[in-house]
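A short write-up of the structure that comes next.
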Amino acid sequence: MRVALYWAPRLDDPLHALGSAWLGRDAETGATLPQPALPGLDIAELTADPRSYGLHATLKPPFRLRTGWHALRDAAMDLAARTRPFALPPLMLAEHHGFLALVESTKSAELQAFCDACVEALDAHRAPPTEEEIARRRPERMTERQRRLLQRWGYHYVFEEWWFHVTLTRRLTPEERAMVQPALAAHLGDAPALPRRLTELCLFSQAAPGAPFLIAERLPLLG
């Protein structure tokens, strides 16, 4: 089993229903959802990769457990209990490294600090990556700093290399993006920019390699 610490929209947030429908799966229930029509393109294929992970933004990337589920959950509950809820910046749809994703309209120091705490506070429960897993990350393409982060934390996009993003497609060609971005923007409407607060830490789990990630538990921030 692999686990991850993610942000996911609250169930009463319109973004939960709209984003889940776009991806074709609800990570809360595991239900398959009908996707909107995308004339001339295969929306199921365009969203296959993000669909498997569920609608989310990564705080601590997926990892295999070194300890056990209950120990991990206790540590995550402790982090949530000492963290105060805070406002998220309005989100906006943008091209990001070739993907279409929701990103922060302005950087949030509180969000960065919370993500950093997730990476550090839960790391005792992370099994180190195998040599094969490291090789799949293509470290030869990374900066020296990213290679050090990969070796120490099991992933290279952490701390100052991290960015908040909710991935909604695979990498698109410019021609595909010209068709998909307006359709996605129309589907989401004003939901991304609505005021929202980060009030939960979501534990996601993957039962087996290739299985979809599901929300195992939503831990309220109580600080």
Side-chain angles (χ1 to χ4, degrees), residues 1-8 23-25 27-28 30 44-80 96-103 111-172 201-219:
M1 182 176 73
R2 288 199 302 167
V3 298
L5 276 64
Y6 288 160
W7 172 82
L23 294 182
R25 184 173 70 86
E28 181 77 29
E45 187 274 329
L46 291 174
T47 57
D49 287 343
R51 180 166 58 251
S52 68
Y53 288 92
L55 185 69
H56 79 282
T58 299
L59 299 174
K60 185 171 179 65
F63 59 93
R64 290 177 290 105
L65 276 172
R66 182 180 203 167
T67 56
W69 173 259
H70 294 294
L72 170 77
R73 181 179 181 272
D74 287 347
M77 288 180 67
D78 181 68
L79 174 60
H96 186 73
H97 290 208
F99 306 91
L100 286 176
L102 298 177
V103 300
L111 182 56
Q112 180 73 58
F114 182 53
C115 178
D116 294 350
C118 288
V119 171
E120 292 183 291
L122 280 295
D123 208 56
H125 304 278
R126 176 181 61 85
T130 65
E131 290 184 6
E132 291 77 14
E133 288 171 333
I134 290 177
R136 283 200 295 271
R137 298 287 184 196
R138 305 298 297 273
E140 69 277 5
R141 296 186 177 183
M142 299 177 188
T143 66
E144 181 58 33
R145 172 60 174 162
Q146 289 173 341
R147 284 192 288 271
R148 290 199 300 269
L149 292 170
L150 176 63
Q151 289 293 332
R152 173 59 185 88
W153 302 102
Y155 197 62
H156 52 298
Y157 291 132
V158 293
F159 303 115
E160 76 279 3
E161 297 284 344
W162 174 82
W163 63 90
F164 179 96
H165 62 289
V166 180
T167 304
L168 295 170
T169 69
R170 61 159 168 77
R171 281 194 173 91
L172 302 175
L201 173 59
C202 294
L203 287 178
F204 275 59
S205 63
Q206 181 191 38
F213 277 82
L214 292 168
I215 298 176
E217 193 162 359
R218 293 174 179 264
L219 305 177

Item to complete: Could you tell me whether the side chain of Gln112 reaches within less than 4.5 Å of the side chain of Phe164, counting heavy atoms only?
Response: no
Fill in: Working for side chain to side chain contact (heavy atoms under 4.5 Å, CB included), residues Phe63 and Leu72
CA-CA 12 Å; Phe63 59 93; Leu72 170 77; 3.9 Å; yes
Item to complete: Run the ring-centre check on Trp7 versus Phe114 and record whether the distance is less than 6.0 Å.
Response: no
Worksheet item: Met142 versus Leu150: any side-chain heavy-atom pair under 4.5 Å?
Response: yes
Worksheet item: Distance-only, no hydrogens or angles: does the Arg2 side chain make a donor-acceptor pair with backbone N or O of Ala207 under 3.5 Å?
Response: no
Worksheet item: Can you tell me how far the OH atom of Tyr6 sits from the OG1 atom of Thr58, to the nearest 0.5 Å?
Response: 4.5 Å
Item to complete: Determine whether Gln146 and Tyr157 make a side-chain contact, defined as any pair of heavy atoms from C-beta on separated by less than 4.5 Å.
Response: yes
Worksheet item: Which pairs with one or both residues in residues 204-218 pass salt bridge (Lys or Arg N to Asp or Glu O under 4.0 Å), sequence neighbours excluded?
Response: Glu28-Arg218, Arg73-Glu217, Glu200-Arg218
Worksheet item: Does atom CZ of Arg66 have more than 12 heavy-atom neighbours, drawn from other residues, nucleotides or ligands, at distances under 6.0 Å?
Response: no
Worksheet entry | Basic-acidic side-chain contact under 4.0 Å: Glu140, Arg147 | no
Worksheet entry | From Phe99 atom CZ to Leu168 atom CG, the distance as rounded to the nearest 0.5 Å | 11.5 Å
Discussion item. So, taking the atom named CG in Leu79 and the one named CG in Leu5, what distance separates them when rounded to the nearest 0.5 Å?
Written reply: 7.5 Å
Worksheet item: Do Arg170 side-chain atoms and Asp49 backbone N/O form a donor-acceptor pair below 3.5 Å?
Response: no
Worksheet entry | Flag side-chain contact, heavy atom, 4.5 Å: Glu133 against Glu131 | no
Item to complete: State, with a plain yes or no, whether a side-chain heavy atom of Tyr155 is found less than 4.5 Å away from one of Leu149.
Response: no
Item to complete: Compare all side-chain heavy atoms of Lys60 with those of Val158 and state whether any distance is below 4.5 angstrom.
Response: no
Worksheet entry | Residues Arg138, Arg141; criterion side chain to side chain contact (heavy atoms under 4.5 Å, CB included); working and verdict | CA-CA 6 Å; Arg138 305 298 297 273; Arg141 296 186 177 183; 3.3 Å; yes
Discussion item. Quick one: does any side-chain atom of His56 pair with a main-chain N or O of Gly54 as donor and acceptor, under 3.5 Å?
Written reply: yes
Worksheet, complete the sentence: Here the gap from Leu203 atom CG to Leu122 atom CG, rounded to the nearest 0.5 Å, amounts to 7.5 Å
Worksheet item: Looking at side-chain heavy atoms only, is the closest gap between Glu161 and Arg145 below 4.5 Å?
Response: yes
Discussion item. Please confirm whether the ring centroid of His97 lies under 6.0 Å from the ring centroid of Trp163.
Written reply: yes
Discussion item. Given 3.5 Å as the limit, does a donor-acceptor pair link the side chain of Gln206 with the main chain of Ala211, or not?
Written reply: yes
Worksheet item: What distance separates Ile134 CD1 from His156 NE2, expressed to the nearest 0.5 Å?
Response: 12.0 Å
Worksheet item: For the ring pair Tyr53 and Phe213, is the centre-to-centre distance below 6.0 Å?
Response: yes
Worksheet item: Do side-chain atoms of Ser205 reach the backbone of Val3 as a donor and acceptor pair under 3.5 angstrom?
Response: no
Practice prompt. Say whether, by atom type as modelled, one donor and one acceptor occur between the side chain of Arg51 and the main chain of Leu23 under 3.5 angstrom.
Written response: yes
Practice prompt. Could you tell me which residues satisfy side chain to side chain contact (heavy atoms under 4.5 Å, CB included) with Ser52, sequence neighbours excluded, listed by chain and number?
Written response: none
Item to complete: Report yes if some heavy atom in the side chain of Leu102 is under 4.5 Å from a heavy atom in the side chain of His165; otherwise report no.
Response: no
Practice prompt. Specify the closest pair of heavy atoms between Thr169 and Leu100, including all atoms of both residues, with the distance to one decimal.
Written response: OG1-N, 3.0 Å
Worksheet item: To the nearest 0.5 Å, what is the distance between OG1 (Thr47) and CG (Leu55)?
Response: 11.5 Å
Item to complete: Mind listing the closest non-hydrogen atom pair of Thr167 and Ala101 along with its distance?
Response: CA-CB, 4.0 Å
Discussion item. Determine whether Arg25 and Leu214 satisfy the following criterion, side chain to side chain contact (heavy atoms under 4.5 Å, CB included), listing intermediate values before the conclusion.
Written reply: CA-CA 10 Å; Arg25 184 173 70 86; Leu214 292 168; 3.5 Å; yes
Worksheet entry | Smallest separation among heavy atoms of Pro129 and Arg64, with atom names | CA-NH2, 3.9 Å
